[in-house]
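Notes follow once the structure below has been shown.
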Amino acid sequence: MTSVQGNTRQCQAWRERVYARHKSLASHLKKSHLRKANKLSYVEANLWLIDQETKLKIGNSGLFCDCSDHELKDYAEAKSKNLHLQLIEASNLYGSKLPEQQKTLCDYIREKVERSGIKFPLAESDYSKDEMIAALCRVCTPEWWRRQLRNTATRQYENYCRKAGFISISGDIYCSDYTLRRKTEQRAKNQRLLESLEAESSSGQVYTLAELAEKSVSNPINRRNELMTRIAGFESYVKERPYSDKKLQTDVPYVGVFLTLTAPSKYHAKIIRKTAADKRYAIPNKKFEGANPRECNDYLCTVWANIRSEWAKRDIHPFGFRMVEPHHDGTPHWHMVLFVPENRLIETCYVFHHYAMREDGDEAGAEEARTAIVYLDPAKGSAAGYCAKYISKNIDGFAIDTDSYGREAVKSAIRISAWARTWGIRQFQQIGGPSVTIWREARRILSGDLTVDISAEAEPILKAADAGDWFTYTELMGGPICPRKERPIRPLMVEADDTNAYGEALELFKGLIAFGLPTITRIENWTVQPAGTASRRNSAGGWSASVNHFSTRPKAA
């Protein structure tokens, strides 16, 4: 056996243990290590491997971001129990002086949590006693640790893969195969959990949670159909109802514009090049500074906030929809379909372009790549038709053959959904317009057997919603740019009798405030229980029990 420095038997055995710990990355680590050993030395290559494994560690927890879910669960149980014991010891130690030491104790626990690579659930200053207690309750709860560890591990792994160049048009597009597999397994586990539980109402209605999810916008088909209905409704509205310009004292027609917002080059891990045969491939971006997709999306949110603030100062109030999708390397970019008065279109686009280009706007290719502004011509197609492919390829790939990179659309949609869940990025958001919460509640009320005392003035609005007529619903709700507080129907929120698991007060959506009249529409109380409980009880002759909406909480998987 060779005795070259850095390649002794002990070194080889150590490397094999590293590769065994990171099976999904073993091939990459082996090949990269060998290249560095041949180019530099085994010592340098070993140091590189140590650095790579350090990058895979989750803080000082002793865990790696590609560890098993079982290891995460075990750590969550142990850490939450340890912190709970420390809080009890501190309470006994300080006794009556505990209120004076609350901030010190909170800072101590914060340090313990953040050393594990997890963000403490409380700002470093300006928090109340109740907020502090809720935060300390969270860090003593295994379920909270499991959620945080899973999110941190998945995001850290994905960001490692982005920096290593695995996620691109030349490799695993949008997200890594490893993360896709874990998200798919988690989704299957969640589906089994939903099927194993049922919700029973106080009047005896029983549904499995899977059945309820299938009827909601959790179902991709329902989600896509609702989005298309709302976009088409906005488009019908602008065709029929012009904007009343008070300054000009005349009506001005609305026009549509399609805007694209992309982050500066430093947020992109890979860039695309083309061969002579017009085939595309990815190369590392030398300007990339290591930001992950969540940080990039936060940057886009900041730009968007500046744009909207400037529009508001200029009395410009566009409405429409925003869609977020990933580039091939997982970097997010935004598409927006907006409707604005025709005489404010140029000013609207100027403000958009100005703020989009304010950071690194002079870099090469910025003018071509950072923004796109397309005026929608009704003669060439509808706004709904223009948006259909973007909505479909980001939800389920319905009626689309391939995505923007020539990949099968259905498979790409699965990867994009996994990408969005990993980074906690909201894919679709309505800009302006009436509340979709009221819309859904109206459809729930009128499509069921529920009898509620709704004012006669509100009835046409609820019927428009039930009929799926977003145009009429928007018009009757005050139009697309009416302030929320001035709309005729608003959600009725009431404080719950119970608190959540962390002692925080809960606000529940209980009904509607229609033309100033509060109406309870959520009159049923529901309890969650193992599937088959109701049928077994009925077959056994029945038994009485009080039903409390908060009495049963299924544990997280």
Under the ring-ring contact (aromatic ring centres under 6.0 Å, His included) test, residues paired with [X] that sit two or more places apart:
X      : result
Phe352 : none
His335 : Phe258, His333, Tyr390
Trp144 : none
Tyr127 : none

Quick one: ring-ring contact (aromatic ring centres under 6.0 Å, His included) pairs with a partner in residues 280-301, sequence neighbours left out? Tyr267-Tyr299
For [X], all residues meeting salt bridge (Lys or Arg N to Asp or Glu O under 4.0 Å), sequence neighbours excluded:
X      : answer
Glu347 : Arg314, Arg344
Lys215 : none
Glu226 : Arg230, Arg440

Can you sort out the partners of [X] under side chain to side chain donor-acceptor pair (under 3.5 Å), two or more places apart, ordered by chain and number?
X      : answer
Thr262 : none
Thr302 : none
Ser404 : Lys393
Tyr350 : none

On the 0 to 90° scale, with breaks at 30° and 60°, tag the His327-His268 ring pair as parallel, tilted or perpendicular. tilted
Among Arg155, Lys55, Gln52, find the residue that satisfies the side chain to side chain donor-acceptor pair (under 3.5 Å) test when tested with Tyr160. Gln52
Looking only at side-chain N and O atoms, does Glu195 offer a donor or acceptor that is under 3.5 Å from a partner on Thr208? no
Assess, by modelled atom type and distance only, whether the side chains of Asn285 and Ser265 contain a donor and an acceptor separated by less than 3.5 Å. yes
Taking the ring of Tyr157 and the ring of Tyr178, is the distance between their centroids below 6.0 Å? yes
Tell me if the aromatic rings of Tyr254 and Phe339 count as close, with their centers under 6.0 Å from one another. no
